[in-house]
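Written out below as structure tokens is the structure these notes cover.
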Amino acid sequence: MQLKSATQWLLPVFVLAARASVANNHQQLYKRALEVSEPSYPSPWMNPDADGWGEAYARARDFVSQMTLMEKVNLTTGVGWAAEQCVGQSGSIPRLGLRSLCMHDSPLGIRGTDFNSAFPSGQTAAATFDRGLIYRRGYAMGQEAKGKGVNVLLGPVAGPLGRMPAGGRNWEGFSPDPVLTGVGMAESIKGIQDAGVIACAKHFIGNEQEHFRQVGEAKGYGFDIAETLSSNIDDKTMHELYLWPFADAVRAGVGSVMCSYQQVNNSYGCQNSKLMNDLLKNELGFQGFVMSDWQAQHTGAASAVAGLDMTMPGDTEFNTGLSYWGTNLTLAVLNGTVPAYRVDDMAMRIMAAFFKVSKSIELDPINFSFWTLDTYGPIHWAAKEGYQQINYHVDVVADHGNLIREIAAKGTVLLKNTGSLPLNKPKFVAVIGDDAGGNPNGPNACGDRGCDTGTLAMGWGSGTSNFPYLITPDAALQAKAVQDGSRYESILSNYATTQTKALVSQANVTAIVFVNADSGEGYINVDGNMGDRKNLTLWHDGDTLVKNVASWCPNTIVVIHSTGPVLLTEWYDNANITAILWAGLPGQESGNSITDVLYGKVNPAAKSPFTWGTTRQGYGADVLYEPNNGNGAPQQDFTEGVFIDYRYFDKANTSVIYEFGHGLSYTTFEYSNIKVEKSNAGEYKPTTGKTASAPTFGNFSTDTSDYLFPSDEFPYIYQYIYPYLNTTDAEKASADPQYGQTAEEFLPPHATDDAAQPLLRSSGKNEPGGNRQLYDVMYTITADIKNTGSIVGEEVPQLYVSLGGKDDPKVMLRDFDRMRIDPGQTAQFRGKLTRRDLSNWDTGVQDWVVGAGEKTAFVGSSSRKLDLSAVLP
Ligand SMILES: *[C@@H]1O[C@H](CO)[C@@H](O)[C@H](O)[C@H]1NC(C)=O
Ligand SMILES: *[C@@H]1O[C@H](CO)[C@@H](O)[C@H](O)[C@H]1NC(C)=O
Ligand SMILES: *[C@@H]1O[C@H](CO)[C@@H](O)[C@H](O)[C@H]1NC(C)=O
Ligand SMILES: *[C@@H]1O[C@H](CO)[C@@H](O)[C@H](O)[C@H]1NC(C)=O
Ligand SMILES: *[C@@H]1O[C@H](CO)[C@@H](O)[C@H](O)[C@H]1NC(C)=O
Ligand SMILES: *[C@@H]1O[C@H](CO)[C@@H](O)[C@H](O)[C@H]1NC(C)=O
Ligand SMILES: *[C@@H]1O[C@H](CO)[C@@H](O)[C@H](O)[C@H]1NC(C)=O
Ligand SMILES: *[C@@H]1O[C@H](CO)[C@@H](O)[C@H](O)[C@H]1NC(C)=O
Ligand SMILES: *[C@@H]1O[C@H](CO)[C@@H](O)[C@H](O)[C@H]1NC(C)=O
Ligand SMILES: *[C@@H]1O[C@H](CO)[C@@H](O)[C@H](O)[C@H]1NC(C)=O
């Protein structure tokens, strides 16, 4: 626990501001006093009566009560970077028969292994607007994780939410709309956990860009900053936008949450008590455990009392062999800095999450090593110790290929169609562009997919998995053409201009141009993009390619693979461009999925999960690419509040190319007959009362000699993190240069308090997700949707609401459904409006309040096609 960071939240504003102003000579110094995060202590302990957690709590209590202090510490502390097989592992509890728990990426598959699937991205799944499909995706990923021995799958993602369209990791999550992301979170979590694996909602919170998320990483691209980026988010925006999908995650019973690298209000995500203690554990009633992002922990005792429950991968920095916890946490309990109840609560939360999804502590062994695909190797990878079989190459793909094909097809958005689609035995298909073909070095040629060569089917970074195969658009479209007796040629380059012109100028051609734009995580730089995209245009001169083909061919179809919106401004309205599709990041079945859509085997119904603006500036908020606070923490003020994506465009009243929620079908739908049913939800009753006082489970001795390494023969592994002491001299064992500071000296007031605490009015008594009444249905809105075309189709009716206040967005998505409707038939859409849906966060009352403004419900086929409306009585 470093003094520097421990006192971080206590530094008065003026000290921080002074620090900023004397910082270096960077021109654009941050002008105002830096935002601070209010302290919130003590860290909430689990609630034995929490809905959905009762049995898990009881089993955890029985288990944790038998654990020694060192065993509890072992469970909370990772064993170090690359110390075992998974991307992160906890210490084990051999005495009680629990093996080390495996925490492993990613939100779209199992990272770095073999014989696993590569699923469509979260963003592509979101575009389906199909709860059932998102659940099935989660379940299938959970099954694959389980089959490899993963205990915690590190996803799904609601941070980034997608504040800035260039944000590098937006594709890992769902959508800048909090309701759509909330549904994506809840369904994914239920799916993963129903398969017997703990889900991890990440990154909590305000983790909207890659630049400056880590100090060392920023050095790598030329910026010397002392602290990471601070996302400065006001309380109302936090609740109404960024926290919203995390509330849905907690309500869905998520077992773990990952705190983020960057700071919020100049306090690190993994030691910010306002975020973890107050918002997550008090207000949302989160019962699972908070784990740090990898190297996102910066303090020992301070992070413990601020609500962190598990440190990953456990070492202070990769492979130091030292830890803020491990030995230090054992010592901190022994010397009274961290209260024993806090470590008990950490262990309780981890074990309760475990028992919530697992029947037995007898786990099958982990049967892969993330660090190599070799069959034999050192099981302790960093230490190069324990040579044995480490990969069993277990095939976990089952029939997931079919599901992947279905999700990607059903997540492909038909943005434009002037009649060329669906294709029907076209005479001649010409496929153009490097995005239609493979990577000549193989689909997994670039580590963590850190390149943009060949067709783009996932972004880059830790949010990836290896492809078991990758069906390219070229392969699938050629197979279909051959089957149909069509002529087929492809040019898998964006730069074969002469040949392309010659080909697409021929008679009877249907030209399909594939283009892309990639992004990913900040530790990989692809073509000067440090995770975040440096622009919103297509890569590899895609615009030139599209414009060229369209100038020669009157039937040009464009397919875009991308990690978010790209600017289509220069060509979307060209009459020769007869169709535009956004195929997102489709995963391993890419070619089959797009073929299904182009040929009408799947009638498209996906809706864009973000807005396609005409300019980059049109989006408002943007990535901060250069530090703005000297060498202090770059400051990112979320001054636009809740106005991101369509809410911003609506507020600015600017035209867009394709709005949020837009997506066409090969049939047509007519909306009519909106009706409002009011439910008798009753008055809102704020929660009152108190928690119990902090429980402890089991005893511990305070004699340091009971905590030494078990024996001289103990098989100490190089750089491994243990809970033990090297010597009975606590100060020496700690090796903490500041050893000896007491809790009173450096922890905030109440940090070690174990007395009963008042419940928040907005929190539930026992309901994860917040006060149960927030989810009471107040209105049900119905509308008739008629399929007015001649083929069966699916439609996603969307329910929006206007809250009627002067600071409220014009409209906000609140509910949707994906419905299959036969030609000529009418189906009834039913959308719900809960109390939360109709409320604003009142910063004074500190609760959700239904404001006085007149409220209107809208039903339509996109955020800007809202033909039906009704004022709520
Ligand atoms: C204990 O934590 C401090 C930082 O707070 C660190 O310097 C020290 O190396 C750690 N000790 C061990 C044994 O990991
Ligand atoms: C950040 O500061 C703003 C403005 O002072 C405040 O409304 C908000 O609650 C703070 N958030 C956190 C997490 O400290
Ligand atoms: C802590 O975990 C390590 C690694 O799994 C294991 O070797 C050790 O025995 C565990 N210690 C205790 C006290 O359970
Ligand atoms: C992994 O494979 C090994 C060897 O086939 C097997 O013993 C083990 O049970 C498997 N683990 C899981 C989690 O299925
Ligand atoms: C093929 O192109 C020729 C020349 O433009 C045209 O006469 C013919 O109708 C086209 N056939 C089809 C099937 O498009
Ligand atoms: C945008 O970035 C991509 C990828 O680095 C690059 O290929 C392209 O040339 C850039 N566009 C512009 C207009 O600079
Ligand atoms: C459309 O294609 C034709 C060739 O068929 C070409 O002459 C014309 O200029 C193109 N139009 C545009 C707007 O590019
Ligand atoms: C929005 O823009 C349209 C056309 O650009 C204009 O007609 C309309 O009055 C504007 N609405 C508001 C509220 O400014
Ligand atoms: C503890 O002992 C081990 C084994 O002798 C040694 O490698 C390690 O550096 C020691 N740790 C500290 C913090 O002194
Ligand atoms: C207690 O132990 C922790 C962890 O090693 C250390 O940082 C702290 O200074 C110690 N406090 C006292 C009062 O000894």
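We count ligands from 1, going down the list as the structure has it; atoms in each ligand are counted the same way. What's counted below: heavy atoms across the whole structure, side chains too, no hydrogens, waters or symmetry copies. Numbers here simply count residues along the sequence, with the first being 1.
Shortest contact from atom 7 (O) of ligand 4 to any protein heavy atom: P365 CG, 4.1 Å. With respect to atom 4 (C) of ligand 4, the closest heavy atom belonging to the protein is Y392 CD2, 3.6 Å. For atom 14 (O) of ligand 4, the closest non-hydrogen atom of the protein is G147 O, 3.4 Å. Nearest protein heavy-atom contact of atom 10 (C) of ligand 4 is N367 ND2, 2.7 Å.
Of all atoms in ligand 4, listed by their number and element, those nearer than 4.0 Å to a heavy atom of V394 are 1 (C), 2 (O). Near A733, with a cut-off below 4.0 Å to any heavy atom, the atoms of ligand 1 are 13 (C). Using a 4.0 Å cut-off to heavy atoms of N653, the atoms of ligand 8 that qualify are 1 (C), 2 (O), 3 (C), 8 (C), 10 (C), 11 (N), 12 (C), 14 (O). Close contacts between ligand 4 and G149 involve ligand atoms 13 (C) [criterion: under 4.0 Å to a heavy atom]. The contact set between ligand 4 and K146, taken as ligand atoms under 4.0 Å from a residue heavy atom, comprises 13 (C).
At a heavy-atom cutoff of 4.0 Å, ligand 1 is contacted by both the backbone and the side chain of L322.
A salt bridge links K865 to E659: one of the charged nitrogens lies within less than 4.0 Å of a carboxylate oxygen. Using a 4.0 Å cut-off between charged side-chain N and carboxylate O, D309 and R342 make a salt bridge. Comment: D364 does not engage R99 in a salt bridge, judged by the lack of any side-chain N to carboxylate O separation of less than 4.0 angstrom. Residues K810 and D650 are not paired through a salt bridge, judged by the lack of any N-O separation under 4.0 Å between the basic side chain and the carboxylate.
Proximity of the aromatic rings of F649 and Y619 is defined here by a centroid distance below 6.0 angstrom, and this criterion is met. Aromatic rings from F714 and Y722 are positioned such that their centres are separated by under 6.0 Å.
At least one N or O atom of S323 sits closer than 3.5 Å to an N or O atom of ligand 1. Checked by distance only, ligand 1 and N328 come closer than 3.5 Å through their nitrogen or oxygen atoms.
Exactly one of T728, L69, V73, L331 qualifies for a side chain to side chain contact (heavy atoms under 4.5 Å, CB included) with Y707. That residue is L69.
For atom 12 (C) of ligand 1, the choice among S734, P737, A302, G300 with the nearest heavy atom turns out to be S734.
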- [ ] Would you please test R59 and M351 for side chain to side chain contact (heavy atoms under 4.5 Å, CB included) and show each step?
- [x] CA-CA 8 Å; R59 292 180 67 193; M351 290 314 297; over 6 Å; no
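By the 4.5 Å heavy-atom criterion applied to side chains, V801 and T856 are not counted as neighbours.
At least one heavy atom of A735 lies less than 4.0 angstrom from ligand 1.
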